[in-house]
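Read through the structure below, which is laid out as structure tokens, and then see the notes.
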Amino acid sequence: MALLVGLAAMTSPCVAGTLDLRVVDSAGKPVPDAVVTVVPAVGIPSGPISFPWGTTMAQENINFQPHVLIVPVGATIRFPNHDTVRHHIYSFSKPAKFEFKLFGKDETRSYRFTTPGAVALGCNIHDKMSAFIKVVSTPYAGKSAANGSVRITNLPEGAAQVTVWHPELRAKDNEMVLPIRATSGSVSQTVTLALRRSG
């Protein structure tokens, strides 16, 4: 069972709703870096999408920082190298195939992401380095914290589709989709993911 969800509808005179999820694995342990997106049936607001966490995927201490980054379609992502060694960054993912050949300390490369989906990153020089960029076409998106919690705010009332993605989720494209009915109140629920590895 890859996903267990029960979202109770709650009514309120407020204009916008809030979705609070706590993402855990099959052992009940918090799952960080799960990406939750919501697409309301009424559609997505017009205008550009932006998020408060920025559009930078740095290389630092022989790792990508952050491990998972959510960006809107059309965003240009910076890849600064803060290490004293060179990196060779690449992606073979369908939404974005590219590579940045060897570049050194304090050098930066950039790439514009034009297709929604999950992009897996690696380094040809350092095999242990991995990260993911989740390109989304909705402003209603968030990533679970270390305690597994994620909050999506300002949801319009009515039916909506929630997608939960995680790189280790046992499901097609590492994601599960479920319909909910968002209301003008607050909805809280625990989501259980079956991961390829746990603990």
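For the single chain, residues carry numbers from 1 onward in sequence order. Computed from a predicted model, the values in this text were never measured in an experiment.
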(request) Check for a donor-acceptor pair, side chain of Asn174 on one end and backbone N or O of Trp165 on the other, with a separation under 3.5 Å. (result) no
(message) Quick check: do Tyr111 and Val119 have side-chain heavy atoms less than 4.5 Å from each other?
(response) no
(request) Determine whether Ile49 and Ile133 fall in the same hydrophobic cluster, where Ile, Leu, Val, Met, Phe, Trp and Tyr are linked whenever their side-chain heavy atoms lie under 4.5 Å apart. (result) yes
(request) Evaluate whether atom NZ of Lys105 has more than 12 neighbouring non-hydrogen atoms of other residues, nucleotides or ligands under 6.0 angstrom away. (result) yes
(message) Do Val135 and Val177 sit in one hydrophobic cluster, given that two such residues count as connected whenever their side-chain heavy atoms are within less than 4.5 Å of each other, even indirectly?
(response) no
(request) Could you state whether Ile44 and Phe51 fall into the same hydrophobic cluster, counting links through intermediate Ile, Leu, Val, Met, Phe, Trp or Tyr residues with side-chain heavy atoms under 4.5 angstrom apart? (result) no
(message) Just verifying a value: how many Å separate Leu193 CG and Glu175 CD, rounded to the nearest 0.5 Å?
(response) 12.0 Å
(request) For residues Pro66 and Met57, determine if any side-chain heavy atom of one lies less than 4.5 Å from a side-chain heavy atom of the other. (result) yes
(message) For the backbone of Ser149 and the side chain of Asn147, can you confirm whether one donor and one acceptor N or O come within less than 3.5 Å of each other?
(response) yes
(request) Kindly compute the distance separating CG (Asn81) from CZ (Phe100), expressed to the nearest 0.5 Å. (result) 12.0 Å
(request) Could you pull out the closest heavy-atom pair between Ile152 and Gly142, with the gap in Å? (result) CD1-N, 3.4 Å
(request) Please name the pair of heavy atoms, one in Arg86 and one in His126, separated by the smallest distance, quoted to 0.1 Å. (result) O-CE1, 3.3 Å
(message) Please find the pair of heavy atoms, one from Phe79 and one from Gln59, that lie closest to each other, and give the distance.
(response) O-OE1, 3.6 Å
(message) Working to the nearest 0.5 angstrom, can you tell me the gap between Ile70 CD1 and Trp53 CH2?
(response) 4.5 Å
(message) Rounded at 0.5 Å granularity, tell me how far OG1 in Thr55 sits from CZ in Arg112.
(response) 12.5 Å
(request) Spell out, as yes or no, whether a donor-acceptor pair under 3.5 Å connects the side chain of Ser93 to the backbone of Pro95. (result) no
(request) Say whether, by atom type as modelled, one donor and one acceptor occur between the side chain of His67 and the main chain of Phe132 under 3.5 angstrom. (result) no
(message) Measuring only between side-chain heavy atoms, which start at C-beta, is Ile125 closer than 4.5 Å to His87?
(response) no
(request) Decide if atom CZ of Arg109 counts as having more than 12 heavy atoms of other residues, nucleotides or ligands within a radius under 6.0 Å. (result) yes
(message) Donor-acceptor check, side chain of His166 to backbone of Pro32, threshold 3.5 angstrom: yes or no?
(response) yes
(request) Mind listing the closest non-hydrogen atom pair of Pro40 and Val38 along with its distance? (result) CD-O, 3.7 Å
(message) Can you confirm whether Ser144 sits close enough to Leu21 that some side-chain heavy atom of one is under 4.5 Å from a side-chain heavy atom of the other?
(response) no
(message) Between Val42 and Val162, is there shared hydrophobic-cluster membership here, with clusters defined by ILVMFWY side-chain heavy atoms closer than 4.5 Å?
(response) no
(request) Decide side chain to side chain contact (heavy atoms under 4.5 Å, CB included) for Thr76 and Arg78; before the verdict, give the C-alpha distance in whole Å, the side-chain angles of both, and the deciding distance to 0.1 Å. (result) CA-CA 7 Å; Thr76 297; Arg78 299 175 63 253; 5.7 Å; no
(request) Going by the side chain to side chain contact (heavy atoms under 4.5 Å, CB included) test, name the single residue among Ser50, Pro45, Pro72, Pro48 that passes it with Pro139. (result) Pro45
(request) Could you check if a side-chain atom of Ile62 sits within less than 4.5 angstrom of a side-chain atom of Asp83, using non-hydrogen atoms only? (result) yes
(message) I need the minimum non-hydrogen distance between Pro167 and Asp33, along with the two atoms involved.
(response) CD-O, 4.3 Å
(request) Go through the steps for Phe113 and Val136 under the test side chain to side chain contact (heavy atoms under 4.5 Å, CB included), then give the verdict. (result) CA-CA 10 Å; Phe113 291 81; Val136 302; over 6 Å; no
(request) I would like to know whether Phe103 and Ile89 meet side chain to side chain contact (heavy atoms under 4.5 Å, CB included); could you show each step before the answer? (result) CA-CA 9 Å; Phe103 64 108; Ile89 307 305; 3.8 Å; yes
(message) Ignoring hydrogens, what is the shortest heavy-atom contact between Val31 and Asp25? Give both atom names and the distance.
(response) CG2-N, 3.4 Å
(message) Using only atom types and a distance under 3.5 Å, with no angle test, would you say the side chain of Thr138 pairs donor to acceptor with the backbone of Thr37?
(response) no
(message) With clusters defined by side-chain heavy atoms of hydrophobic residues (ILVMFWY) lying less than 4.5 Å apart, directly or transitively, does Met176 cluster with Val187?
(response) yes
(request) Nearest 0.5 Å please: distance from the CG atom of Leu19 over to the CG atom of Asn154. (result) 12.5 Å
(request) Check whether any side-chain N or O of Lys134 sits under 3.5 Å from a backbone N or O of Val35 as a donor-acceptor pair, and report yes or no. (result) no
(request) Look up atom NE2 in His88 and atom CE in Met129, then write down how far apart they are to the nearest 0.5 Å. (result) 12.0 Å
